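Please read all numbers here as calculations on a predicted model, not as lab measurements. In listed order, ligands and their atoms are each counted from 1. Residues take their numbers from the sequence shown, with the count starting at 1.
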Amino acid sequence: NLPWFEDGAVSVQDEAAQLCTTLMDLLPGQRVLDACAAPGGKTCAILESCADLSEVIAIDESEDRLPRVQENLDRLDLSANLLQADAADIEQWWDGQAFDRILLDVPCSATGVIRRHPDIKLLRRESDIVPLAGIQLGLLNAMWSILKPGGRLVYATCSVFPQENHRIIQRFLKQQEHAQLVPIEAGWGLDMDAGRNLLPDPNSHDGFFYAVLEKPDA
Ligand SMILES: C[S@@+](CC[C@H](N)C(=O)[O-])C[C@H]1O[C@@H](n2cnc3c(N)ncnc32)[C@H](O)[C@@H]1O
């Protein structure tokens, strides 16, 4: 019902989610992957923030959620290549061309967005966190393998738990000794040594976590 929303003049995105795109350092000509894309808020923000990207691929494993990405792209008159796949199963979908930029907005406990989805307090279990962390680290290692030398990967969650956030990055850095953690110099959030955390603010943004990783040139 927002004026001009259906015409694509505006989008609705929390401030914390908007920060993901700004951390990607997008430049014309880059090949970009949005690895966990649905419903597509960040895919659209990527396309809107840099007009001349060479290609944007948006993947989601959910058959139900992926059409939402296309709806958002259509509303904004944008285009991307959409794939329904398990992003971590790269043999199933990857064409062999590495990416300059990857956004990995992983599935998580969503504990940073409880104010919008209060059912999370009832439905999430402590026992969910370890399996989620395994999926997150698996996705991160898989996406790292298809990042170009010199490329940048932004890892993000809407979780407030260390197990899904900076501890994933610390575990990843132990496994990938050449990966470089890029410090996020910012006036917002908390420096977690391996990434930056925003805690939810009742009058402002959601809770989010971000880490910026770069692969050195060969
Ligand atoms: C936090 S949401 C992504 C939100 C999205 N980036 C946005 O800004 O609109 C996580 C998404 O990851 C998808 N997902 C979970 N596991 C996946 C996998 N192995 N491969 C690809 N997508 C996956 C879920 O279906 C879900 O849509």
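- Judged by distance alone, with hydrogens and angles left aside, the side-chain atoms of Arg152 form a donor-acceptor pair with the main-chain N or O of Leu23 at under 3.5 Å.
- With hydrogens and angles disregarded, a donor-acceptor distance shorter than 3.5 Å links the side chain of Trp93 to the backbone of Ala87.
- A donor-acceptor contact shorter than 3.5 Å is absent between the side chain of Asp128 and the backbone of Arg124.
- For Asp77, the CG atom counts as loosely surrounded, since its 6.0 Å shell holds 12 or fewer non-hydrogen atoms of other residues, nucleotides or ligands.
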For a distance cut-off of 3.5 Å, show me each N or O of ligand 1 paired with any protein N or O, plus the separation.
residue	atom	partner	partner atom	Å
ligand 1	6 (N)	Cys36	O	3.0
ligand 1	6 (N)	Asp105	OD2	2.7
ligand 1	8 (O)	Lys42	N	3.2
ligand 1	8 (O)	Lys42	NZ	2.8
ligand 1	9 (O)	Pro39	N	3.4
ligand 1	9 (O)	Gly40	N	3.1
ligand 1	9 (O)	Gly41	N	3.0
ligand 1	16 (N)	Glu61	OE2	3.3
ligand 1	19 (N)	Asp86	OD1	2.9
ligand 1	20 (N)	Ala87	N	2.9
ligand 1	22 (N)	Glu61	N	3.2
ligand 1	25 (O)	Asp60	OD1	2.6
ligand 1	27 (O)	Ala38	O	3.2
ligand 1	27 (O)	Asp60	OD1	3.4
ligand 1	27 (O)	Asp60	OD2	2.7
ligand 1	27 (O)	Arg65	NE	2.6
ligand 1	27 (O)	Arg65	NH2	3.1

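- For the residue pair Gln175 / Asn141, a side-chain donor-acceptor distance below 3.5 Å is found, with atom types taken as modelled.
- Taking the six-membered ring where the residue is Trp, Phe209 and Tyr155 present perpendicular rings, their angle passing 60° and hence far from 30°.
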